[in-house]
2 protein chains.
Amino acid sequence: MARAATTSDVFNAIAEPRRREILVLLRAGERPVTELAQELGMPQPGASKHLRVLREVGLVRDRKSGKQRLYSLDARELRAVHEWTGGFERFWNESFDRLDTYLQDIKQAKQEE
Amino acid sequence: MARAATTSDVFNAIAEPRRREILVLLRAGERPVTELAQELGMPQPGASKHLRVLREVGLVRDRKSGKQRLYSLDARELRAVHEWTGGFERFWNESFDRLDTYLQDIKQAKQEE
DNA sequence: TTGACGCGTACCCATATGGGTATATGATGA
DNA sequence: TCATCATATACCCATATGGGTACGCGTCAA
């Protein structure tokens with residue numbers, strides 16, 4: 001069954017380093033494929049494929065402009081990832097040495113409810 | 001060349017829904033593999049494999065306890081993901097309709113420097 | 001020492017993935 | 001209409017991935 005389709009999951013879409021680079025590049029504004037490919041140091045078809053994945057999960061948009069197709073960022077989906085990881089914030093804030101104690105406190109508090 | 005090794009990249013490690021579930025489950029405290037497998041509704045070897053990936057990227061730790069091996073969360077690496085996505089915050093906060101204007105403003109401000 | 005647990009690994013398999021090259025498609029300008 | 005530029009697709013390939021099953025290994029109790 002392999003992994004869930006990349007094209008349907010934002011987490012999977014940003015699992016690719018190149019795609020993350022593309023998103024970062026697009027923060028500076030919309031860009032045509034060729035330019036992105038150049039900045040990534042990869043052939044155009046490769047960039048196009050990555051952009052397709054990003055488009056299908058909704059992380060980028062495109063609009064035609066003459067012969068070109070300009071891609072732009074649509075970061076809304078990234079918010080979900082940000083919030084999901086945010087759900088672990090108290091765990092990385094806790095000193096790891098104290099984590100055990102911390103968990104025991106929670107457990108105990110729960111039993112006392 | 002396929003994708004970068006899952007075992008070396010946190011983004012890749014959390015691209016798997018099951019692995020994300022495991023992390024969530026571990027927020028409640030350390031657990032043995034069998035229990036996790038049960039809660040995930042998957043055979044133990046499968047859970048072990050996912051746990052191995054999580055361990056190799058440093059998202060979980062394990063300690064032996066008699067016949068069991070207890071896994072616990074180490075969310076520190078998730079912070080990187082949280083911060084990376086956080087770098088896009090201003091983009092999902094901006095109304096998308098206004099994004100163009102926003103970018104132009106930035107561009108103009110830059111030229112005026 | 002033996003048997004039962006709890007777990008990690010080895011294998012095998014179907015499939016998704018990313019890269020590369022060639023080529024189809026679309027739009028523009030002469 | 002034709003040549004050209006900008007992109008997307010179609011293929012082909014090597015490889016990583018996740019799932020399932022069988023099994024090896026260490027630990028504990030009797």
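Naming: A, B, ... by sequence-line order, numbering from 1 per chain.
For the pair A/Tyr71 and D/dA6, the criterion of a side-chain N or O lying under 4.0 Å from OP1 or OP2 is not met. Here B/Arg52 reaches the OP1 or OP2 of C/dT9: one of its side-chain N or O atoms lies under 4.0 Å away. Close to D/dT27, at under 4.0 Å from its OP1 or OP2, lies no side-chain N or O of B/Arg69. The side chain of A/His50 places an N or O atom within less than 4.0 Å of a non-bridging phosphate oxygen (OP1 or OP2) of C/dG19.
Remark on DNA chain D: of its neighbouring residues B/Arg18 and A/Lys49, the 5'-side contact belongs to A/Lys49, judged by nearest-heavy-atom nucleotide. Nearest-nucleotide positions on DNA chain C for A/Lys64 and B/Ala47 put B/Ala47 closer to the 5' end. Positionally, the nearest nucleotide of DNA chain D for A/Lys67 lies more toward the 5' end than for the other of A/Lys67 and A/Gln44. Nearer the 5' end of DNA chain C, as judged by each residue's closest nucleotide, is the contact made by B/Glu35, out of B/Glu35 and A/Gly46.
Using a 4.0 Å heavy-atom criterion, one finds that B/Gly66 contacts the sugar-phosphate atoms exclusively.
A side-chain donor from one of B/Arg55 and B/Tyr71 sits under 3.5 Å from a side-chain acceptor of the other. Using a 3.5 Å distance cut-off with no hydrogens or angles, the side chains of A/Arg18 and A/His50 do not pair a donor with an acceptor. Side chain to side chain, A/Gln44 and A/Ser48 meet the donor-acceptor criterion of an N or O pair below 3.5 Å.
Straight-line distance from the CE atom of A/Met42 to the P atom of D/dT7: 15 Å, rounded to whole Å. Atom CD in A/Gln38 sits about 15 Å away from atom C1' in D/dT7, given to the nearest Å. Atom CZ in A/Arg55 sits roughly 6 Å away from atom P in D/dA8 (whole-Å rounding). Across the protein-nucleic acid pair, B/Arg63 atom CZ and D/dG26 atom P stand 21 Å apart, rounded to whole Å. One interatomic measurement links the two molecules: CG of A/Leu70 to C1' of D/dT7, which rounds to 12 Å at whole-angstrom precision. The interatomic distance linking B/Glu56 (CD) with D/dG18 (P) rounds to 12 Å, in whole Å. Residue B/Gln68 contributes atom CD, which lies 12 Å from atom P of D/dA29 at whole-angstrom precision. Counting to the nearest Å, the C1' atom of C/dG18 and the CD1 atom of A/Ile22 are 12 Å from each other.
Considering only the side chain of A/Pro45, C/dA22 comes nearest among D/dA22, C/dA22, D/dT7. Distance from the side chain of B/Glu16 is smallest for D/dG18 among the nucleotides D/dG18, C/dG18, C/dG8.
Between A/Leu26 and A/Ser72, the closest heavy-atom pair is CD1-C, 4.1 Å.
Taking the six-membered ring for Trp and thresholds of 30 and 60 degrees, A/Trp92 and B/His82 have ring planes inclined between 30 and 60 degrees apart.
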